[in-house]
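Below is one structure; the comments refer to it alone.
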Amino acid sequence: MTGYSDRINHAFAFAAKHHDQQVRKGTRLPYLTHPANVAVILTRYGCGEDTVVAGILHDVVADCVRDGWTRETLDERIGTKFGNSMLEMLLSVTERRIDDDGVELSSDDRKDDYLERLSLASEDALWVCAADKVHHANSILSDLRRTSFPETVWGRFAAGREGTVRQYVRVSERLRAIGFNAPIVDELAHAAAELGRI
């Protein structure tokens with residue numbers, strides 16, 4: 001894996017267009033810095049091209065699901081460009097708004113549903129899940145270490161400090177519970193523990 005390919009370039013172009021006006025929560029950083037860092041993390045662990053492309057696109061799919069796109073629209077706009085297997089991989093590690101019975105999920109239910117469905121995700125999808133959470137957790141740690149007012153950092157998150165830290169811990173524990181024991185899970189657990197100490 002060289003870190004560059006036409007598919008990776010195409011994924012970055014697609015994500016850049018989608019995230020064009022978005023910034024990272026509570027910062028002025030372009031949102032694209034997040035999927036770019038997820039791609040770097042996945043490359044650092046030696047993941048293949050499909051996994052890196054999924055890392056770049058994961059929040060495009062998450063945004064579309066959150067905005068209520070139908071499966072047909074997702075197939076048309078993402079599946080046709082990157083393949084249905086890529087779309088399936090990404091959907092398996094995306095919080096759902098609505099369950100299989102058409103019931104709208106609360107915020108807590110979405111998180112529980114996400115954790116439950118990880119057992120059905122492919123190994124590549126689990127890498128994307130872990131890299132996404134590793135970058136988010138380490139970004140929060142960096143922001144906390146740079147400020148004298150940690151409450152401003154925690155104030156960005158609806159779940160607050162306790163809920164945010166708990167979710168990172170839950171994801172790392174769930175990954176281990178379903179048998180995904182790649183070293184990145186240790187990195188996530190360490191970041192979650194650090195967040196809990198600050």
Side-chain angles (χ1 to χ4, degrees), residues 7-8 10-26 29-39 41-42 47 50-137 139-140 156-159 163-164 166-168 170-172 174-175 178 180 188:
R7 283 185 75 224
I8 288 172
H10 180 49
F12 270 123
F14 189 80
K17 184 175 179 181
H18 177 82
H19 296 304
D20 182 40
Q21 299 298 315
Q22 297 175 358
V23 294
R24 296 275 291 156
K25 195 179 287 187
L29 284 172
Y31 195 84
L32 191 64
T33 60
H34 170 61
N37 275 285
V38 170
I41 291 165
L42 293 168
C47 292
D50 280 351
T51 311
V52 173
V53 168
I56 295 165
L57 297 175
H58 75 281
D59 273 338
V60 173
V61 172
D63 287 351
C64 295
V65 168
R66 187 176 53 247
D67 292 344
W69 284 28
T70 64
R71 179 55 195 254
E72 292 75 24
T73 305
L74 287 167
D75 286 338
E76 177 188 328
R77 303 228 180 131
I78 297 168
T80 57
K81 289 179 178 61
F82 298 97
N84 285 328
S85 61
M86 177 67 64
L87 180 57
E88 289 298 330
M89 181 199 317
L90 291 167
L91 287 171
S92 72
V93 288
T94 297
E95 280 190 15
R96 301 189 298 176
R97 292 176 57 237
I98 297 169
D99 70 11
D100 293 331
D101 298 320
V103 176
E104 189 160 347
L105 299 168
S106 70
S107 177
D108 287 343
D109 288 342
R110 284 196 301 272
K111 288 176 177 28
D112 292 343
D113 176 69
Y114 174 84
L115 292 173
E116 182 64 31
R117 290 185 305 108
L118 288 179
S119 64
L120 305 174
S122 68
E123 184 174 336
D124 287 344
L126 297 176
W127 275 101
V128 172
C129 164
D132 171 46
K133 300 302 184 282
V134 161
H135 183 249
H136 280 312
S139 294
I140 297 168
R156 301 173 193 166
F157 305 100
T164 302
R166 184 175 61 244
Q167 187 61 12
Y168 291 124
R170 290 178 73 203
V171 172
S172 66
R174 178 66 173 154
L175 289 170
I178 62 174
F180 184 70
L188 175 57

Kindly indicate whether the side chain of [X], heavy atoms from C-beta on, has any atom under 4.5 Å from the side chain of [Y].
X: H34; Y: L29; value: no
X: F14; Y: I56; value: no
X: L90; Y: M86; value: yes
X: S85; Y: M89; value: no

How close do [X] and [Y] get, heavy atom to heavy atom, and via which atoms?
X: Y114; Y: V93; answer: CE1-O, 3.3 Å
X: L126; Y: A121; answer: CD2-CB, 3.9 Å
X: A62; Y: T94; answer: CA-CG2, 3.6 Å
X: K81; Y: E76; answer: NZ-O, 4.5 Å

task = Run the numbers on L175 and V171 for side-chain contact (heavy atoms from CB on, under 4.5 Å), then give the verdict.
result = CA-CA 6 Å; L175 289 170; V171 172; 4.0 Å; yes
Hey, is the main chain of [Y] close enough, under 3.5 Å, to the side chain of [X] for a donor-acceptor pair?
X: R97; Y: E104; result: no
X: D101; Y: V103; result: no
X: N37; Y: T33; result: yes
X: R156; Y: I140; result: no
X: H58; Y: G55; result: yes

ask   = Does D63 come within less than 4.0 Å of R66, counting only side-chain N to carboxylate O?
value = yes
inquiry  = Check this for me: does any side-chain nitrogen of one of R170 and D112 sit under 4.0 Å from a carboxylate oxygen of the other?
reply    = yes
inquiry  = Using a 6.0 Å cut-off, check whether atom CD of Q22 has over 12 heavy atoms from anything other than its own residue.
reply    = yes
Any chance you could measure [X], atom [atom1], to [Y], atom [atom2], to the nearest 0.5 Å?
X: L87; Y: F82; atom1: CG; atom2: CZ; answer: 11.0 Å
X: C129; Y: L188; atom1: SG; atom2: CG; answer: 7.5 Å
X: I178; Y: L120; atom1: CD1; atom2: CG; answer: 8.5 Å
X: F180; Y: S122; atom1: CZ; atom2: OG; answer: 9.5 Å
X: I78; Y: N84; atom1: CD1; atom2: CG; answer: 11.0 Å

By salt bridge (Lys or Arg N to Asp or Glu O under 4.0 Å) - contacts of D75 (at least two apart) = R71
remark   = By side chain to side chain donor-acceptor pair (under 3.5 Å), D108 pairs with (sequence neighbours left out) none
